[in-house]
Amino acid sequence: MEKGDDLKPQKELSTKVVISGKKYLVLTEDLGAEKHLITTRVYLGGEIISAKKTDYKNILNKPYQEKLLKALMQDQHEKAVTMLRTSGEKSLSDYLDEIKTLLQRKNNMSALKLLSTALDDYPNDPFLLSYYGCLDAILNKNYKHGIDTCLKALEKLKGKIPFGQEFFFPVFYLNLGRTYLAAGNKKEAFDAFYKGLTYDHENKDLLREIKKLGMRRKPAVSCLPRSHPINKYIGMLLHKLKST
């Protein structure tokens, strides 16, 4: 770029925005000094769904006119893009609430489809990744991708929530363990479930999965002997679960 190129008038700005699988185009144009109008249009499927015009007659013949016009176009364009994204996206909590409801109703396929949509808007969220990886393995038999996604979710959690991860780890290890089970890797599943128990000794979902595996228990807290009160307590919980 030669010196001064950034001050040349911009005749057009365009941005593509994907929301919930729908592709929008935001187009901002300078219609020229004769009309002295800046227009911003939002397109969906080739049709205009919203438009805005700004008259810039007041800046004509002013010092630094081209620089002022460029700034005006960029500001109008960026505001339109931001408004589109804000109005079109569901919040992360909205997605998680809907997904939780679908899972409670055992509607796993609908949950997986919604997770896929949610990840378009929040591609790095560890909670979405964990559930997606688990369901993708179970329903689509994408075992390697599912396991990798669940492991990625754990790493993302550590980076996103530097303090208090132990509160969320049990469900992440539950999803990882179920993903290993879907792939037929019982030992890895067993290890994942027990890892989750080190953060929540009374987690019923983890205890049920271990019970179903029917494998000989190793100490839940591996750094402690089997006779330690914590490991005995977990054993008691498992025994109680078997009798219910």
pair Ile48-Val42: side-chain heavy atoms closer than 4.5 Å: no

Centroid-centroid under 6.0 Å between Phe127 and Tyr131 rings: no

From CG (Asp136) to CG (Leu129), nearest 0.5 Å: 11.5 Å

Nearest-0.5 Å distance, OG1 of residue Thr149 to CG of residue Asn175: 11.5 Å

ILVMFWY network linking Ile99 to Leu119, side-chain heavy atoms under 4.5 angstrom: yes

Pairwise side-chain contact, Asp200 with Glu202, heavy-atom cut-off 4.5 Å (strictly under): yes

Residues clustering with Tyr143 (ILVMFWY side chains joined when closer than 4.5 Å, directly or via others): none

Val18 with Leu25, same ILVMFWY side-chain cluster at under 4.5 Å: no

Tyr56 side chain to Asp30 side chain, donor-acceptor N/O pair below 3.5 angstrom: yes

ring-ring contact (aromatic ring centres under 6.0 Å, His included) between Phe168 and Phe172, worked out: CA-CA 7 Å; Phe168 302 103; Phe172 278 61; 7.3 Å; no

Heavy-atom check, side chain of Leu27 versus side chain of Leu13, under 4.5 Å: no

Steps toward side-chain contact (heavy atoms from CB on, under 4.5 Å) verdict (Leu102, Asn108): CA-CA 7 Å; Leu102 289 170; Asn108 292 342; over 6 Å; no

Single-linkage hydrophobic cluster, 4.5 Å side-chain cutoff, Tyr122 and Tyr132 together: yes

Minimum side-chain heavy-atom gap Asn185-Ile147 below 4.5 Å: yes

Tyr43 vs Tyr24 side-chain heavy atoms within contact, under 4.5 Å: no

Test item: Asp125 side-chain N/O and Leu128 main-chain N/O as donor-acceptor pair under 3.5 Å: yes

Residues in side chain to side chain contact (heavy atoms under 4.5 Å, CB included) contact with Thr39, at least two apart in sequence or another chain: Glu29, Leu31, Arg41, Lys53

Inter-residue atom distance Leu135.CG - Met109.CE, 0.5 Å rounding: 9.0 Å

Nearest non-hydrogen partners of Cys150 and Leu176, listed with the distance: CB-CD1, 3.8 Å

Separation between CD1 of Ile210 and NZ of Lys212, rounded to the nearest 0.5 Å: 11.5 Å

Pair Thr117-Asp120, side-chain hydrogen bond (donor to acceptor under 3.5 Å, both in side chains): steps then yes or no: CA-CA 5 Å; Thr117 299; Asp120 286 338; 5.3 Å; no

NZ on Lys35 to CG on Asp55, rounded to 0.5 Å: 12.5 Å

Tyr180-Asp191 side chain donor-acceptor pair, cut-off 3.5 Å: no

Pairwise distance NZ(Lys100) to OG(Ser93) - rounded to 0.5 angstrom: 12.0 Å

Check: Asp97 main-chain N/O paired with Thr101 side-chain donor or acceptor under 3.5 Å: yes

Electrostatic pair Glu155-Lys152, nearest N-O below 4.0 angstrom: no

Expected output: side-chain Asn140 to main-chain Asn142 donor-acceptor under 3.5 Å: no

Transitive ILVMFWY side-chain link Tyr64 to Leu60, under 4.5 Å: no

Mutual orientation of the aromatic rings belonging to Tyr173 and Tyr199 [parallel < 30°, tilted 30-60°, perpendicular > 60°]: parallel

Test item: side-chain donor near acceptor, His77 and Thr40, under 3.5 Å: no

Heavy-atom check, side chain of Ile38 versus side chain of Leu69, under 4.5 Å: yes

Polar side-chain atom of Thr198 near backbone of Lys195 as donor-acceptor pair, under 3.5 Å: yes

For Ile138 against Ala182, the heavy-atom pair lying closest together: CG1-CB, 3.9 Å

Residue pair Ser110 / Asn107: nearest heavy atoms and the distance that separates them: OG-OD1, 3.0 Å

Test item: Pro170 and Leu206 side chains (from C-beta on) under 4.5 Å apart, heavy atoms: yes

Side chain to side chain contact (heavy atoms under 4.5 Å, CB included) involving Asp205 - partner list, sequence neighbours excluded: Leu174, Arg178, Asn203, Arg208

Within 6.0 Å of CD in Glu47, more than 12 heavy atoms from elsewhere: no

pair Leu72-Thr54: side-chain heavy atoms closer than 4.5 Å: yes

Heavy-atom closest contact (Thr179 atom, Ala137 atom, distance): CG2-CB, 3.5 Å

Thr28-Gln76 side chain donor-acceptor pair, cut-off 3.5 Å: no

Salt-bridge present (Lys144, Asp148; N to O < 4.0 Å): yes

Verify same cluster id: Ile59, Met73 (apolar side-chain graph, 4.5 Å): yes

